[in-house]
Amino acid sequence: MIRTRFAPSPTGYLHVGGIRTALFAWLVAKQTKGIFVLRLEDTDKNREVEGSAQHLIDSLNILGLKYDEGPDVGGDFGPYKQSDRLDIYKKWANKLIEDGRAYADPYSTQEVQLFREQAQKNKLPFLYRNHRPDKPPKWDGTQPLRFKSDPKVHKWHDEVMGDLSTGPEVIDDFILIKTDGYPTYNFAHIVDDHEMAITHIIRGQEFISSVPNYLNLYEALEIKPPIMATVPHILGAEGNKKLGKRDGAKDVLDYIRDGYLPEALVSFIATLGWNDGTEQEVFSRDELVKKFSLDRVQKSGARFDEQRLRWVNGSFIRAMDTDELYTLTADYWPKSASDAPEPYKQQVLGQIQERLKFLSEIPELTNFFFEDLPVNLDLISSHKQLKKLDKQELVNLLEQTLAALAESDFSIKDLNEKLNGLLEKSNQKPAVLFSLIRVATTWAQSSPALAESLNILGKDLTLNRINNSIEALR
RNA sequence: GGUCCCGUCGUCUAGUGGUUAGGAUAUCUGGUUCUCAUCCAGAAGAUCGCGGGUUCGAAUCCCGCCGGGAUCACCA
């Protein structure tokens, strides 16, 4: 039974980088009907951010990365919050002490800092074990507890990175338990993954250089290491640095709020560094579960390109039934639409669906259906066809339009007939006549096809707006 | 500085000794009786980081170099 976990620390919101490791872990579990576990790594109470645990949970849920075991849903391997597991770490720490593989750190933080600066000055990597005390005091909890490492060569396989190896020079005596009584990540995650029977550890690249140290500890603990997979970082839009909150890495919930579809987000994030070897570009969640494999995950970091995300999201939006899409749009309509009847909004949505990239674009794409936009003569003076006509000609054309449309029943079919008739009678090119009518009835930068737009607006509103436009032009 | 990882169109990528180096996106052009978008057609865009080697033949294998990244916390 495959068991994977996502083990974030509740220190802030979840951004795309975090989501991706969660997604990959979820996919690995789900494709074999395995178990996906959420574990909160809250061992640093200084960095803990109020409310972020709930935020993490909300983010996973909204993306559909449902976990089978976790702090709020329980499970047979709990507790799922590290701060509730302190006695478990104590138990394993005592085993190490008894085996002579852990000892109390007698130095003050200042003294250790001095060692570190010395090493830096000599351009050497800092190794605590070079200062390992001969006769450490008995550990009473007032000192950090350190791992007594056994420096050696480590070779291991990483599902993404392949075969890796390092020499003894990277192995050090890291801290297992801090003076506040909490374990470090380095210690806690190994104990927890073992106690929770985790089979695959999927984590970000920042941990790869620590893996040999973990391997060393696994040996001392006599625990068989799980399968490991290291996924590369997602890069920010500019530069080659890991995408971080500083570079505007957005909270995934911000994308949801902007009207990106969870399915689209999942597809996009999965294909950032993974593909199935075919030319398929977007994947449903089910396809991902079926086709995903760690060994096809890219070793190099991928750049987060919001433009591509917009395209993916647009393609999901276009593929949906308008009715289904409509159920997602409730929070996105412009204020002026609040009194508009549902069928009217639904019709409007049908017209803009194919140009919609994300839901919060709805107001700018639809506002003229719900309110009279201010007359903006720039739309005419900057139009490459319309600017050639003088005001009198424009007014004449609009008056002809008024007369013709007054006869129409405003069905799309009849509107098209009337508009075509107008075209012949006025002897104008569509680029002139239709542009003018479009502008005069919407005063918007862009709008759906003319007959369809007028059909939705209806006769009264259309004729009113043309009248108003004539007034404005005079 | 030590250690480890990475390096194919702007971007995401296909590619594991023989391909006109493929796709997608973005950009540009044309078409779809008007705009924006969709859709369709087309263009441009990659000396496969660089230099050696192995080979009849290398983006693919080997070596060196360069560039980028990660890490060297009582953070995870």
Side-chain angles (χ1 to χ4, degrees), chain A residues 7-9 11 41-44 46-47 105 109 112-113 116 119-128 143-146 158 160-162 164-167 169-170 172 174-180 182-186 188-189 203-213 230 232-233 235 237 239-242 268 271-282 298-305 307-312 314-315 318 351-357 365 379 383 385-386 416 419-420 423 429-439 442 444-450 453:
Chain A
S9 57
T11 53
E41 312 230 316
D42 59 340
T43 56
D44 183 354
N46 296 323
R47 292 205 318 151
D105 175 351
T109 43
V112 176
Q113 183 56 24
R116 200 187 329 274
Q120 252 161 27
K121 211 164 63 190
N122 299 326
K123 302 212 168 196
L124 291 169
F126 170 64
L127 283 175
Y128 179 94
Q143 320 94 328
L145 184 70
R146 284 202 183 251
D158 184 289
V160 172
M161 293 299 175
L164 303 172
S165 64
T166 52
E169 68 278 0
V170 301
D172 198 14
F174 56 89
I175 290 178
L176 302 168
I177 301 205
K178 301 180 274 183
T179 48
D180 63 4
Y182 284 86
T184 58
Y185 165 84
N186 300 330
H189 90 274
R203 82 230 297 184
Q205 207 188 49
E206 65 270 29
F207 293 104
I208 200 166
S209 51
S210 305
V211 168
N213 276 297
T230 303
H233 285 139
L235 278 26
N240 289 313
K241 288 251 165 77
K242 160 188 171 187
F268 176 71
T271 54
L272 217 50
W274 174 86
N275 70 84
D276 69 343
T278 72
E279 288 180 350
Q280 185 168 351
E281 303 284 343
V282 297
Q298 208 77 10
K299 290 185 190 174
S300 54
R303 185 163 263 106
F304 185 83
D305 181 5
Q307 214 153 32
R308 193 174 166 87
L309 172 61
R310 277 197 281 276
W311 169 74
V312 171
S315 80
R318 270 174 260 129
Q351 285 304 315
I352 60 146
Q353 182 170 1
E354 69 183 21
R355 68 206 71 201
L356 198 57
K357 295 285 190 282
L365 257 25
L379 289 179
H383 188 108
Q385 300 287 346
L386 295 181
N416 274 319
L419 289 169
N420 280 326
L423 213 46
K429 289 182 294 188
V432 173
L433 182 67
F434 291 172
S435 293
L436 177 61
I437 300 174
R438 201 188 66 73
V439 167
T442 65
Q445 288 286 348
S446 67
S447 64
L450 189 51
S453 295

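Values below: every heavy atom of this structure, side chains too, minus hydrogens, waters and symmetry copies.
Comparing the C1' positions of B/rC4 and B/rC39 gives an interatomic distance of 48 Å, to the nearest angstrom. For the P atoms, the distance from B/rG7 to B/rA14 is 10 Å, rounded to whole Å. Taking atom C1' on both B/rU27 and B/rC12, the two are 16 Å apart, rounded to the nearest angstrom. Nucleotides B/rA59 and B/rG67, compared at atom P, are 24 Å apart to the nearest Å. The gap from the C1' atom of B/rG18 to that of B/rG30 amounts to 38 Å, rounded to the nearest Å. Spacing between B/rU54 and B/rA44 at atom C1', rounded to whole Å, works out to 37 Å.
Nearest to the side-chain atoms of A/Arg47 among the listed nucleotides B/rC75, B/rA26, B/rC36 stands B/rC75. In the set B/rG1, B/rA76, B/rC74, B/rC74 carries the atom at the smallest distance from any side-chain atom of A/Thr179. Comparing B/rU33, B/rC72, B/rU71 by their closest approach to the side chain of A/Leu423 singles out B/rU33. Nearest to the side-chain atoms of A/Gln298 among the listed nucleotides B/rA14, B/rC12, B/rU71 stands B/rA14. Which of B/rU33, B/rC39, B/rG7 sits closest to the side chain of A/Arg318 comes down to B/rC39. Closest to the side chain of A/Met161, out of B/rG10, B/rA76, B/rC5, is B/rC5. Set against B/rG10, B/rU38, B/rC74, the side chain of A/Ile175 has B/rC74 as its closest nucleotide.
Using a 4.0 Å heavy-atom cutoff across all strands shown, A/Asn420 reaches at least one base atom of the nucleic acid. Among the heavy atoms of the strands lying under 4.0 Å from A/Thr109 is at least one base atom, whether or not backbone atoms are also near.
Under the Watson-Crick and G-U wobble criteria, each requiring two contacts below 3.5 Å, nucleotide B/rG49 is paired to B/rC65. With a 3.5 Å ceiling on both atom-pair distances, B/rA59 lacks any Watson-Crick or G-U wobble partner. Under the Watson-Crick or G-U wobble criterion, with both distances below 3.5 Å, B/rC39 is paired with B/rG31.
Under 3.5 Å, the side chain of A/Asp305 and the base of B/rU25 form no donor-acceptor pair of N or O atoms. Below the 3.5 angstrom threshold, one finds no donor paired with an acceptor across the side chain of A/Arg303 and the base of B/rC12. For B/rA24, the base has a donor-acceptor partner in the side chain of A/Arg308 [N/O atoms by modelled type, under 3.5 angstrom].
Judged by distance alone, with hydrogens and angles left aside, the side-chain atoms of A/Lys299 form no donor-acceptor pair with the main-chain N or O of A/Gly162 at under 3.5 Å.
Looking at which nucleotide of RNA chain B each of A/Lys299 and A/Pro8 is closest to, the 5′-most match is held by A/Lys299.
Here the side chains of A/Leu450 and A/Leu419 are in contact, with some heavy-atom distance below 4.5 Å.
Side-chain N/O atoms of A/Asn275 include one lying less than 4.0 angstrom from OP1 or OP2 on B/rA14.
In this structure, A/Tyr185 and A/His189 have parallel ring planes: the angle between them is below the 30° cut-off, well short of the 60° mark.
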